[in-house]
> 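Below you'll find the structure I mean.
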Number of protein chains: 2
Amino acid sequence: MARSTTPPKATAAAVPQRLLAEATRLFAERGYDRTSVQEIVEAAGVTKGALYHYFGSKDDLLHEIYGRVLRLQMQRLEAIAGKEATPVAERLVEAAADVVVTSIGNLDDTKIFFRSMHQLSPEKQKAVRADRRRYHEKFRALVEEGQREGVFRQEVRPDLVVDFFFGAVHHLGTWYREDGPLSAGQVAADFADMLLHSVRQP
Amino acid sequence: MARSTTPPKATAAAVPQRLLAEATRLFAERGYDRTSVQEIVEAAGVTKGALYHYFGSKDDLLHEIYGRVLRLQMQRLEAIAGKEATPVAERLVEAAADVVVTSIGNLDDTKIFFRSMHQLSPEKQKAVRADRRRYHEKFRALVEEGQREGVFRQEVRPDLVVDFFFGAVHHLGTWYREDGPLSAGQVAADFADMLLHSVRQP
DNA sequence: CGGACAGCATACCGACCGGTATGTGACTCA
DNA sequence: TGAGTCACATACCGGTCGGTATGCTGTCCG
């Protein structure tokens, strides 16, 4: 790995990246349990020896996917929530629309994320839950900030707002079709609009 | 089956009901693919012979669960949506709150419902999707009715409202805990409230 | 130039898993 | 009373799966 940055005459991408990409595709399509490691390595054009050279187990692949999603979303949320010059209602709308667009843009990841938590080993599951919790708390903080400022209604429970909205986001993986009539931006705008109306002072 | 309506000295309930109950519990806990028929029959106190006497296959059990959920929810929605004397906004709120309470009341069913669609055979999957579609259409009709009457905002897409809300409902199976601080009624009231505020004229 | 090691490929294993074929006792009915 | 059938139990099967042990080859370093 250290002698040449990227093999010049490789098939397409480096082997571990190819394995992860094909695993993502297959996990999203057939589900984790119904995808065999044999199918993954065949799709990537290698053998099991290669997979177990780079990954310790099948659910290491899954854990990688979860880590990728959480890192990306956490980073984007932090960037948006941190704009202290922007009114909180605008930041909430922007964060909501952004997570919808990003979830649709990586629809395979979204499908996997909300369906395959239980297939992780207990320790990895715990780690993922902790990260997701931190993410939700950051999102919830926006709602609480809006309530303190008086722009959002006091009677809604911030944690329920978050669970409500992210239920809808996770569900995207179930019904959204890339070739459907709605663009990611349209869905994002409507979802963010509904979220805003559900919390702001009438 | 015809000679005695219910065996008086049976273990607890009739065998097929017990099988379905244990299967539901196990599917919700470990997932469909990670529950073996051996585990199901052991939990029910019988053997595989009994299971395959009453059910054609493992995914017949799953299909039964889906049918049970859809029949129940469709029936309840029809009862609520049909109250023509009640204003549409009230009917929407009542239907929304009811599906939340019912989903929490049958939390195992809810967990299974939103996770295990892909484990059904293609034909059964098609049938379930068709039923769920009819259910969503009935719910969507309430939104459209409110828009025609002018009590709901025109700019929200009714189908997106439905996908938004039922995403949150399905997600209940992931985060709601029976022993948590929130009662089913509290969640139902808040969810219904958020739904109403997200669609009604300001 | 010769080990050492990374980067795979090959071959193989034991543990299930869903499903089936067959047996068997209790009960019904003619 | 005996033939038939329902309601299961028992035993078994072929196939698949995640994982591993081992072999091979090219490259880099000393």
Side-chain angles (χ1 to χ4, degrees), chain A residues 1-23 26-27 29-65 116 118-124, chain B residues 1-23 26-27 29-65 116 118-124:
Chain A
M1 208 227 272
R3 61 208 134 191
S4 64
T5 50
T6 297
K9 42 182 70 173
T11 315
V15 170
Q17 279 73 16
R18 255 161 50 211
L19 282 167
L20 204 53
E22 295 301 326
L26 289 165
F27 289 167
E29 184 183 320
R30 310 181 200 178
Y32 177 83
D33 281 326
R34 303 209 162 185
T35 303
S36 69
V37 303
Q38 193 58 43
E39 290 171 324
I40 298 172
V41 298
E42 276 172 18
V46 292
T47 65
K48 287 208 254 185
L51 194 152
Y52 284 98
H53 179 73
Y54 290 108
F55 302 93
S57 63
K58 188 189 172 187
D59 86 316
D60 264 14
L61 284 165
L62 189 56
H63 192 208
E64 276 294 319
I65 297 170
S116 310
H118 293 267
Q119 337 293 351
L120 286 168
S121 70
E123 315 91 61
K124 289 173 188 162
Chain B
M1 209 226 272
R3 62 208 132 191
S4 65
T5 49
T6 298
K9 40 182 74 172
T11 315
V15 170
Q17 279 74 16
R18 254 160 52 210
L19 282 166
L20 204 53
E22 295 301 326
L26 289 165
F27 289 167
E29 184 183 320
R30 311 182 199 177
Y32 177 83
D33 281 326
R34 301 207 164 187
T35 302
S36 68
V37 303
Q38 193 57 43
E39 291 172 322
I40 297 171
V41 297
E42 275 172 19
V46 293
T47 64
K48 286 208 252 187
L51 195 152
Y52 285 99
H53 178 71
Y54 291 109
F55 301 93
S57 63
K58 189 188 173 188
D59 86 316
D60 264 13
L61 283 166
L62 188 57
H63 193 207
E64 276 295 319
I65 297 170
S116 310
H118 293 266
Q119 337 293 352
L120 286 168
S121 70
E123 316 91 60
K124 289 173 188 162

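It should be emphasised that the depicted structure is a prediction, and the values quoted were computed from it without experimental measurement. Chain A is the first sequence line, chain B the second, and so forth, proteins listed ahead of strands; every chain is numbered from 1.
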> Starting from P on D:dT16, measure out to CZ on A:R30 and report it in whole angstrom.
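After rounding, the reported distance stands at 14 Å.
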> B:L62 CG to C:dG18 C1': how many Å, rounded?
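It is 15 Å, rounded to the nearest whole Å.
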> Starting at OH of B:Y52 and ending at P of D:dC12, how long is that distance when rounded to a whole Å?
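After rounding, the gap between these two atoms is 19 Å.
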> What is the distance, to the nearest angstrom, from the CD atom on A:E42 to the C1' atom on C:dA9?
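It is 14 Å, rounded to the nearest whole Å.
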> If I take atom CD in residue B:Q38 and atom P in nucleotide C:dA15, what distance separates them, rounded to the nearest angstrom?
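It works out to 16 Å between those atoms.
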> Taking the side chain as everything from C-beta on, heavy atoms only, tell me whether A:K58 gets closer than 4.5 Å to A:L51.
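Of all side-chain heavy-atom pairs linking A:L51 with A:K58, none is under 4.5 Å.
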> NA contact type, A:S36, heavy-atom cut-off 4.0 Å: base, sugar-phosphate, or nothing?
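Sugar-phosphate contact only.
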> Quick one: which of C:dC8, D:dA9, C:dG19 gets closest to the side chain of A:V15?
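The closest nucleotide is C:dC8.
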> How close do A:H118 and B:E29 get, heavy atom to heavy atom, and via which atoms?
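For A:H118 versus B:E29, the nearest heavy atoms are ND1-O, 4.3 Å.
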> Please check the phosphate of C:dA6 (OP1 and OP2 only) for any side-chain N or O of A:Y54 closer than 4.0 Å.
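Negative; the distance criterion is not met.
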> Under 3.5 Å, is there an N or O donor on one side and an acceptor on the other linking the side chain of A:K48 and the base of D:dG18?
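Check passes, donor-acceptor contact within cut-off.
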> Give the rounded distance in Å between these two atoms: CD of A:Q119 and P of D:dC17.
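Atom-to-atom, A:Q119 to D:dC17, this comes out as 15 Å.
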> What is the distance from atom CG of A:D59 to atom NZ of A:K124, rounded to the nearest 0.5 Å?
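Answer rounded to 0.5 Å: 3.5 Å.
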> Round to the nearest Å and state the distance from B:L19 atom CG to D:dA7 atom P.
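That distance rounds to 13 Å.
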> Are the side chain of A:S36 and the backbone N or O of A:E39 linked by a donor-acceptor pair below 3.5 Å?
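A pair under 3.5 Å: yes.
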> Can you see if the side chain of B:H53 gets near the phosphate of D:dA7 - specifically, an N or O under 4.0 Å from OP1 or OP2?
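The answer is yes; a side-chain N or O of B:H53 sits under 4.0 Å from OP1 or OP2.
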> Please report the distance, rounded to the nearest Å, between NZ in A:K58 and P in C:dA15.
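My rounded result for the distance is 20 Å.
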